[in-house]
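The structure under discussion appears below in the form of structure tokens.
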Amino acid sequence: MLSLHRPTLQHHILNEIAKYTTIDLPILKEKGVQLTVKREDLLFPEISGNKYRKLKYNLIAAKAAKQRRLLTFGGGFSNHIAATAFAGKRYGFHTIGVIRGEELAHGPLNPTLSLAVKNGMQLHFISREDYRKKECIDFIKNLEVTFGAFYLLPEGGTNALAVKGCSEMIHALDERFSHIAVSVGTGGTLAGISKAAFPHQEVLGFPALKGDFLQKDIRNFTSEKNWRLLVDFHFGGYAKIQPDLVAFINNFKEATQLSLDPIYTGKMAFGLLDMIRNDRFKPGSDILMVHSGGLQAITGINNILKKKGEVLLL
Ligand SMILES: *Cc1c(COP(=O)(O)O)cnc(C)c1O
């Protein structure tokens with residue numbers, strides 16, 4: 001049973017249809033293409049966008065299993081770490097974040113990690129070498145010896161229940177769109193969307209990191225063939241922030257009032273507008289771009305840009 005003094009998960013299930021923002025840019029008129037943003041970022045600003053979708057059925061499963069402790073993995077800027085910490089506080093779980101990089105334990109925590117701690121998460125820093133063992137049974141067993149039994153959420157939060165949650169992003173009101181664009185980390189969100197998309201829709205995934213290991217991972221979670229990956233917009237890899245990406249995000253914000261994050265959604269929007277500019281969409285295309293959130297990372301990224309003397313994100 002969920003305890004009564006906490007907001008229940010069921011309550012949120014009633015409130016999770018995201019709003020839309022229509023984008024008005026000269027290039028769209030010129031090319032005869034419509035672009036609408038699905039504002040998953042507004043659902044729960046603290047559990048931004050897709051990370052809420054991915055947690056939902058996992059939290060329900062953890063409650064059903066009477067598990068009071070969640071353990072998961074992530075890097076220093078991880079939206080999934082931030083979301084898990086917040087959800088744990090809100091729904092009454094003790095949370096443990098196993099963080100990649102021992103060096104992060106020394107000196108002040110970055111904004112993502114200090115907010116996680118403020119939300120009650122216990123951080124456990126490990127070396128990059130140990131972090132690579134995060135899927136090994138012995139390694140998990142050792143964590144159980146250290147912390148006691150826990151409900152395990154994988155890195156990035158992607159598992160079958162997460163994909164189920166993500167498929168709820170797409171519903172009857174989305175039928176008019178010809179394409180759905182989404183940013184890709186593990187591909188769990190893309191897999192969920194591909195399952196829920198209408199037969200005439202094509203799902204376009206924009207990986208935020210390098211490598212083509214993703215195709216296979218995504219096929220583990222969806223048997224649909226309605227999706228493809230656009231692999232040219234990763235800007236050098238995960239959390240690599242280049243000045244032309246910062247300039248794009250800042251220009252986009254000035255033109256549309258919409259904030260994008262530099263790790264995921266900024267790269268997707270850059271790629272999408274690049275494709276529109278290069279006539280990769282027929283006139284009449286009606287594109288839905290999923291804003292999966294991630295804005296919590298901006299403060300921490302700006303701290304790094306400031307140290308390097310580079311232009312900051314607005
Ligand atoms: C985690 C994340 C993604 C990627 O989601 P996956 O399901 O891992 O592909 C995209 N956008 C934002 C903002 C995220 O935090």
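Counting convention: from 1, in listed order, for ligands and their atoms alike.
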Are there any N/O pairs under 3.5 Å between ligand 1 and the protein, and if so, what are their distances?
from     : atom 1 : to     : atom 2 : distance (Å)
ligand 1 : 5 (O)  : Asn50  : ND2    : 3.0
ligand 1 : 5 (O)  : Thr189 : OG1    : 3.4
ligand 1 : 7 (O)  : Lys54  : NZ     : 2.7
ligand 1 : 7 (O)  : Gly188 : N      : 3.3
ligand 1 : 7 (O)  : Thr189 : N      : 2.9
ligand 1 : 7 (O)  : Thr189 : OG1    : 2.6
ligand 1 : 8 (O)  : Lys54  : NZ     : 3.1
ligand 1 : 8 (O)  : Thr186 : N      : 2.8
ligand 1 : 8 (O)  : Thr186 : OG1    : 2.6
ligand 1 : 9 (O)  : Gly185 : N      : 2.7
ligand 1 : 9 (O)  : Thr186 : N      : 3.2
ligand 1 : 9 (O)  : Gly187 : N      : 2.8
ligand 1 : 11 (N) : Ser292 : OG     : 2.7
ligand 1 : 15 (O) : Lys51  : NZ     : 2.7
ligand 1 : 15 (O) : Asn79  : ND2    : 2.6

Practice item. Heavy atoms only: give me the nearest Ile47-Leu55 pair and the separation to one decimal. Key: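 Minimum heavy-atom contact is CG2-CD1, 4.0 Å.
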Check your understanding: Should the pair Phe270 and Phe235 be assigned to parallel (<30°), tilted (30 to 60°) or perpendicular (>60°) ring geometry?
Key ->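 Aromatic pair Phe270/Phe235 classed perpendicular.
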Review point. Is Lys51 positioned over the aromatic face of Tyr264, cation under 6.0 angstrom from the ring centre and no more than 45 degrees off axis?
Key: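 Geometry flag: set, cation within 6.0 Å and 45°.
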Practice item. Check salt bridge (charged side-chain N to carboxylate O under 4.0 Å, His left out) between Arg132 and all other residues, then give those that pass, not counting sequence neighbours. Key: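 None.
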Check your understanding: Listed by chain and number, what are the salt bridge (charged side-chain N to carboxylate O under 4.0 Å, His left out) partners of Lys164, not counting sequence neighbours?
Key ->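 Lys164: no salt bridge (charged side-chain N to carboxylate O under 4.0 Å, His left out) contacts found.
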Which pairs would a plain distance check flag for residues 136-156, meaning a side-chain donor or acceptor within less than 3.5 Å of a matching protein atom at least two apart in sequence or in another chain?
from   : atom 1 : to     : atom 2 : distance (Å)
Thr146 : OG1    : Asn142 : O      : 3.0
Tyr151 : OH     : Asn58  : OD1    : 2.7
Glu155 : OE2    : Tyr131 : OH     : 2.9

